Protein chains: 2
Amino acid sequence: MTIKTVVFDAYGTLYDVQSVADVTEDAFPGYGGIITQVWRIKQLEYTWLRSLMGRYQDFSVATRDSLIYTLRSLGLQYDDDAFARIIEKYLHLDLYPDALTALSAMKDRKLAILSNGSPGMLNALVKNSGLDRVLDATISVDAKKIFKPSPKAYALIEEVLNVPPAEVLFISSNPWDACGAKAFGLNVAWIERVTPEAMALACLESETLPPLTMFKILRTQMDELGFEPDHRIHSLSELPALVSAQRS
Amino acid sequence: MTIKTVVFDAYGTLYDVQSVADVTEDAFPGYGGIITQVWRIKQLEYTWLRSLMGRYQDFSVATRDSLIYTLRSLGLQYDDDAFARIIEKYLHLDLYPDALTALSAMKDRKLAILSNGSPGMLNALVKNSGLDRVLDATISVDAKKIFKPSPKAYALIEEVLNVPPAEVLFISSNPWDACGAKAFGLNVAWIERVTPEAMALACLESETLPPLTMFKILRTQMDELGFEPDHRIHSLSELPALVSAQRS
């Protein structure tokens with residue numbers, strides 16, 4: 001098998017969605033951690049639920065609605081300025097520190113993003129982070145009006161880049177995304193990072209439970225959806241060697 | 001508007017999914033609460049993800065797979081007997097105490113369940129709890145090989161019972177289910193009960209955060225999916241009067 005194209009999930013894989021925590025903590029002191037985690041869990045839920053209901057709205061709507069849900073569920077009052085400042089951070093998420101180096105080392109392959117993000121959100125994010133200089137394409141599921149892990153979303157890779165699934169390596173830190181890509185027929189590398197659910201629990205338990213329990217809950221865990229990624233990595237810096245090895 | 005048919009969600013609405021906590025606590029002392037909550041969250045996620053992936057397997061598979069995920073994510077070892085005892089409880093969930101009285105008081109209407117449960121799980125549950133004596137039908141989404149909140153699932157009510165959506169009152173405690181039913185065009189009553197997410201947080205935070213914060217996190221919260229239920233109730237015992245009032 002030759003990997004000609006490397007396609008990345010964006011949120012949680014190249015960009016650290018946890019990096020909104022400074023802004024949420026600034027707006028709601030003491031609640032930054034729990035807002036960040038509940039927000040991410042609900043943001044994903046809303047993409048799946050709207051897709052299944054046949055009521056697609058783009059990712060900016062899911063992102064706003066899930067933040068509203070989160071603040072209301074925590075009983076927090078907010079004004080429009082504070083809300084706008086938090087949402088704005090989603091266009092300026094931190095790149096993971098190893099992202100730019102890893103992508104630059106694979107410039108002999110076609111490099112792209114396939115993301116649930118709306119075209120407007122993704123274009124701003126890619127430009128603000130400088131990834132526009134190394135990426136060949138930024139693909140939004142918005143063209144299909146349905147979110148990952150629908151196979152219609154993953155089909156965009158071949159449709160836009162004109163490469164068959166067997167020649168694509170797809171990278172995601174999101175277990176459900178890795179399973180969806182595998183079910184579709186892509187080669188998949190899963191980056192084991194801590195999930196928002198685990199972070200949410202850790203936020204609340206750090207002072208109550210013994211370290212061993214906390215460690216256990218903090219473990220990442222592949223989803224049980226009947227699919228396994230082809231590769232498990234812990235950092236984007238492992239990718240260039242992995243891709244080269246697949247080529248031989 | 002005349003309500004001729006009252007249709008209930010099963011899990012969390014008529015049957016208390018929290019009632020597995022005794023069995024999980026017995027199998028894993030100290031972890032009963034957190035297992036129960038994480039299991040429920042992942043069980044729902046797996047129904048949505050499998051539906052969206054086009055990889056439907058029935059609810060018994062989602063229920064088993066999500067329990068496996070939960071135990072692994074908590075780093076808990078288990079044997080087949082302990083696993084089987086926990087799963088078996090799903091066929092013997094406790095009825096909410098007000099369920100049988102409320103349903104019996106509406107016997108002049110057609111009464112049914114529409115549930116994500118597999119036919120085998122639902123038939124056992126309805127028989128074991130005695131609801132087979134008051135229900136006219138138990139409808140499983142399995143006939144459509146897709147889970148709620150897909151509109152295909154809610155369409156089963158008319159197809160099986162031969163009543164148009166305008167004459168149906170649908171009752172669910174699950175916010176996403178209430179939104180899905182409303183988006184489809186049913187009349188909807190939402191029972192405000194505590195969500196598994198809130199319970200999961202409460203399990204872990206009860207000894208750390210002040211009571212006010214805990215109360216805030218424990219609040220139920222309607223989802224922000226662009227739909228609102230027609231009625232909000234706190235107990236099934238409010239239903240007979242609500243249904244009668246709609247008839248006039």
Side-chain angles (χ1 to χ4, degrees), chain A residues 30-31 34 38 41-42 44-55 57 61 64-70 72-76 146-151 176 179-180 183-184 195 197-198 200-209 212-213 215-217 219-227, chain B residues 30-31 34 38 41-42 44-55 57 61 64-70 72-76 146-151 176 179-180 183-184 195 197-198 200-209 212-213 215-217 219-227:
Chain A
Y31 288 91
I34 191 68
V38 174
I41 294 168
K42 294 303 286 192
L44 292 174
E45 273 193 25
Y46 285 2
T47 63
W48 304 329
L49 289 168
R50 279 191 171 277
S51 293
L52 199 48
M53 290 163 71
R55 299 280 183 166
Q57 297 271 352
V61 175
R64 296 180 65 86
D65 288 350
S66 54
L67 180 57
I68 293 170
Y69 174 95
T70 301
R72 287 185 179 167
S73 71
L74 294 168
L76 297 170
I146 196 163
F147 292 103
K148 295 188 284 184
S150 167
W176 54 270
C179 289
F184 179 77
T195 62
E197 290 89 345
L201 299 179
C203 282
L204 292 168
E205 73 160 351
S206 52
E207 290 168 37
T208 35
L209 295 182
L212 180 63
T213 308
F215 170 75
K216 284 178 177 174
I217 292 180
R219 292 171 58 221
T220 57
Q221 184 66 40
M222 177 45 59
D223 273 318
E224 300 290 330
L225 288 165
F227 297 92
Chain B
Y31 288 91
I34 191 68
V38 174
I41 294 168
K42 293 304 285 192
L44 292 173
E45 274 193 26
Y46 285 0
T47 63
W48 304 330
L49 288 168
R50 280 193 171 275
S51 293
L52 199 48
M53 290 162 72
R55 298 280 183 164
Q57 297 270 355
V61 175
R64 294 180 67 87
D65 288 351
S66 54
L67 180 56
I68 293 170
Y69 174 95
T70 301
R72 287 186 178 166
S73 72
L74 294 168
L76 297 170
I146 196 164
F147 292 103
K148 295 189 281 183
S150 166
W176 55 270
C179 289
F184 179 78
T195 62
E197 291 90 343
L201 299 179
C203 283
L204 292 168
E205 73 159 350
S206 53
E207 289 168 37
T208 36
L209 295 181
L212 181 62
T213 308
F215 171 76
K216 284 177 176 175
I217 292 180
R219 291 171 59 221
T220 57
Q221 184 66 39
M222 178 42 61
D223 272 319
E224 301 288 329
L225 288 165
F227 297 92

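Remember, predicted model here, so these are calculated numbers, not experimental data. So you know, we letter chains A, B, ... as the sequences are listed, proteins then strands, and number each from 1.
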- Task: For B/L52 and A/T47, run side-chain contact (heavy atoms from CB on, under 4.5 Å): C-alpha distance rounded to whole Å, both residues' side-chain angles, the deciding distance at 0.1 Å, then the answer.
- Result: CA-CA 10 Å; B/L52 199 48; A/T47 63; over 6 Å; no
- Message: Looking only at heavy atoms and a cut-off of under 4.5 Å, which of A/S51, A/G180, A/P149 has the most pairs with chain B?
- Response: A/P149
- Query: Most heavy-atom pairs under 4.5 angstrom with chain A, which of B/F184, B/W176, B/F227, B/F147?
  - Reply: B/F227
- Query: To the nearest 0.5 Å, what is the distance between CG (A/L225) and CD (B/Q57)?
  - Reply: 10.5 Å
- Message: Below 4.5 Å, heavy-atom pairs only: which of B/M222, B/R50, B/K148 has the largest tally toward chain A?
- Response: B/R50
- What residue, out of B/V61, B/D223, B/I146, B/D65, has the most heavy-atom pairs lying under 4.5 Å from chain A? B/D223
- Are the side chains of A/L67 and B/E224 in touch, meaning some heavy atoms are under 4.5 Å apart? no
- Determine the option with the most heavy-atom pairs under 4.5 angstrom with chain A, choosing from B/S66, B/G54, B/A183, B/C179. B/A183
- Nearest heavy-atom neighbours spanning B/M53 and A/P151: O-CD, 3.8 Å
